[in-house]
A.B. asks: 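Would you mind keeping the following structure in view while I ask a few things?
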Amino acid sequence: MNPETYLLIKLTFGVLATIGLYSVLYKETKLYRFFEHVFLGLAAGFSIVFLWRETLFPLWWEKMVGQIDEQSGALVQPAYWAYIVFLPIGLMAYTVFSKKNGWMSRVPIGVILGLWAGQQVQVWWQTYGGQIAGTMQPVIPTGLAGPAGTFQWTKPGNTGLTPEQIADFNTKIWPSQAVNNLIFVITVLAALSYFLFSFELKGKAMIGFNKLGRWLLMIGFGAIFGSTVMARFALVIDRMSFVFVEWVQSIQAVFNRGA
Amino acid sequence: MTPQKSIWEKLQEIDRRILYLILAIAVTVPLWIPAKLPVIPDSTSMDLYGQLMSVPEDKTVFVQSDWTVSTRGESQGHLEALLRILMARRIKFVIYAAADPQAPQVFRNVILGLNQEREARGLPPYRQWEDYIDLGAFLNAEGTLNSIGQDVRKLFGPRRSADTEGRERPVLESPVLSRVQKIGDAGLYVVVTASATIDVAVQRISGKTKLAAMTTGVVFPSVLPFYQSGQVVGAAGGLKGVYDMEFLMANGVNVVSPTGKVEAQFPAKAELTAPPLTEIEPKTVTFARGQRYFLSFHAAIVLLIIAVVVGNIGMYKMRKNRRGA
């Protein structure tokens, strides 16, 4: 079979699956159910084979039974039979289906939870430490005059500047940057103030600041939702491109070859 | 006799399937129209491009590809742009998935496609073992990234790959990984993802190497705090990120031409200079996946805005009519 025909067959299956799955937009049809089950079955089967080939075999089995170079016969890795201990621990997870022995499933869960919990201090700091440091933003401008000595709102471009001037300008906080930082700091503080539940907020200023925090949070959620919607559009566009551009081009390629 | 329905009431009652059909037509027709839209790249994308263009040639880039065909519309464009830059600069890379077992087949297809594109243009293809290493998948993001942060050679040690003579050898002996002793030796660590594996990467390896992200629009808002704090040095998000990377590949950032004129000038990123890719055929990057989809993308957004406005006016009018009745 020539590559163009093979590609067309492959793409045609993809097109059928796309139409089948999108048919749910019309109503839940048997076609949709069929392709849904095909996808689930393929994904489950693929995952089991992959789990063995890519994880269990190289990281557990080969370490347990050792490794010999097939061509030279030389020992690549000695066998560490202690790895057998992971098998009963792993199998204990399946006792969850037994009423009598279900307690044993807590052993592997406990091991995983213990490992996970032990790492959380580092994980928390790695996630938020940098962000806490990043929140400390300078809000007072230190650079006001550009290369010509006139007032400069934004950082001057590098064109025509000496390396010393570029280095000097890079260290300064320019007014536009300071305003940005101020907005950022106010947003952080206002959003945090919204989560102050330990005491009653009194005074117009505190209540207003709290309300500002709520508004800013809503704007943030709106932006996140907008980004999510745009992502979904991108996926629809790609499917349409797959059906109406790639598939059509593939048909053309087969016909052109035939002609 | 029932009162006649107003136009607003009729619009409110449109069958959702008609809206789906209009959306499908609105996004399909522009796919056949090769129009370029004037868009300024985001500073996150400019920083990512700048970082990719400044990776030393003797360094290996780590690419963690955690997406499958379900997010092909965004993630394939990201990976294609990333690999085109690395291939054009002859930077070696190691690629693997840390979340989904289906991800390796998807990135293999992308590499195959890019190699076919290179061969068609008379350029040498990127070869497994010599130029890149495909490690397949490691099926636990936390464990994998923890191991990468602690001891990358121990994690990759058991993996083997065929060398240029077809002999199976440990991947650590390959030219791609032989000089990598720890994750800090990587030129850049790029996570192309459609899930929260970028968060895991920040948790486990940020501070140990330069980390960059290419994520879907759904994930991108959660990457921005990491970019703002410097935990991620550059990022491309959603379809806009694909468009940005293609634009930057063709035009560069703040590049001074031989005549002394600054081409593709972006004052917001005045400190950054990165040239366009010289090896790339302009057509490949100026009308690749990002730009091909961009007009459709705008058509969809315009349709959504119209639907939201019309829907809200209709609801307001109907409520007013009910109050009046």
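Just so it is clear: chains get the letters A, B, ... in the order the sequence lines come, proteins before strands, and each one is counted from 1. Atoms considered below: every heavy atom in the structure, side chains included; atoms not considered: hydrogens, waters and symmetry mates.
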A.B. asks: Between A/Y22 and chain B, with a heavy-atom cut-off of 4.5 Å, which part of the residue counts as in contact: side chain, backbone, both or neither?
C.D. replies: neither
A.B. asks: Can you tell if the side chain of A/M240 reaches within under 4.5 Å of the side chain of B/S296, non-hydrogen atoms only?
C.D. replies: no
A.B. asks: Could you check if a side-chain atom of B/I205 sits within less than 4.5 angstrom of a side-chain atom of A/Q126, using non-hydrogen atoms only?
C.D. replies: no
A.B. asks: Examine whether an atom of A/A234 lies under 4.5 Å from a heavy atom of chain B, and if so say whether it belongs to the side chain, the backbone or both; otherwise answer neither.
C.D. replies: both
A.B. asks: Taking side chain as everything from C-beta outward and backbone as N, CA, C, O, which of these in A/V229 sits under 4.5 Å from a heavy atom of chain B? Side chain, backbone, both or neither.
C.D. replies: side chain
A.B. asks: Non-hydrogen atoms of chain B under 4.5 Å away: do they reach the side chain of A/Q77, the backbone, both or neither?
C.D. replies: neither
A.B. asks: So which part of A/L42 gets closer than 4.5 Å to some heavy atom of chain B, the side chain, the backbone, both or neither?
C.D. replies: neither
A.B. asks: For chain B, find which of A/Q131, A/R232, A/Q177 contributes the most heavy-atom pairs closer than 4.5 angstrom.
C.D. replies: A/Q131
A.B. asks: Would you say A/W116 has more than 12 foreign heavy atoms packed within less than 6.0 Å of its CH2?
C.D. replies: no
A.B. asks: Is there a donor-acceptor pair closer than 3.5 Å between any side-chain N or O of A/T228 and the backbone N or O of B/V218?
C.D. replies: no
A.B. asks: Report yes if the side chains of B/P158 and A/L59 come closer than 4.5 Å at any heavy-atom pair, otherwise no.
C.D. replies: yes
A.B. asks: By a 4.5 Å heavy-atom criterion (distance strictly below it), what part of A/R53 contacts chain B: side chain, backbone, both, or neither?
C.D. replies: neither
A.B. asks: Chain B heavy atoms under 4.5 Å from A/T154: which part of the residue, side chain, backbone, both or neither?
C.D. replies: neither
A.B. asks: Can you tell me which portion of A/A43 sits under 4.5 Å from chain B's heavy atoms? Options are side chain, backbone, both or neither.
C.D. replies: both
A.B. asks: For A/Q119, run the side-chain hydrogen bond (donor to acceptor under 3.5 Å, both in side chains) check against B/E142, B/R204, B/Q203 and tell me which one passes.
C.D. replies: B/R204
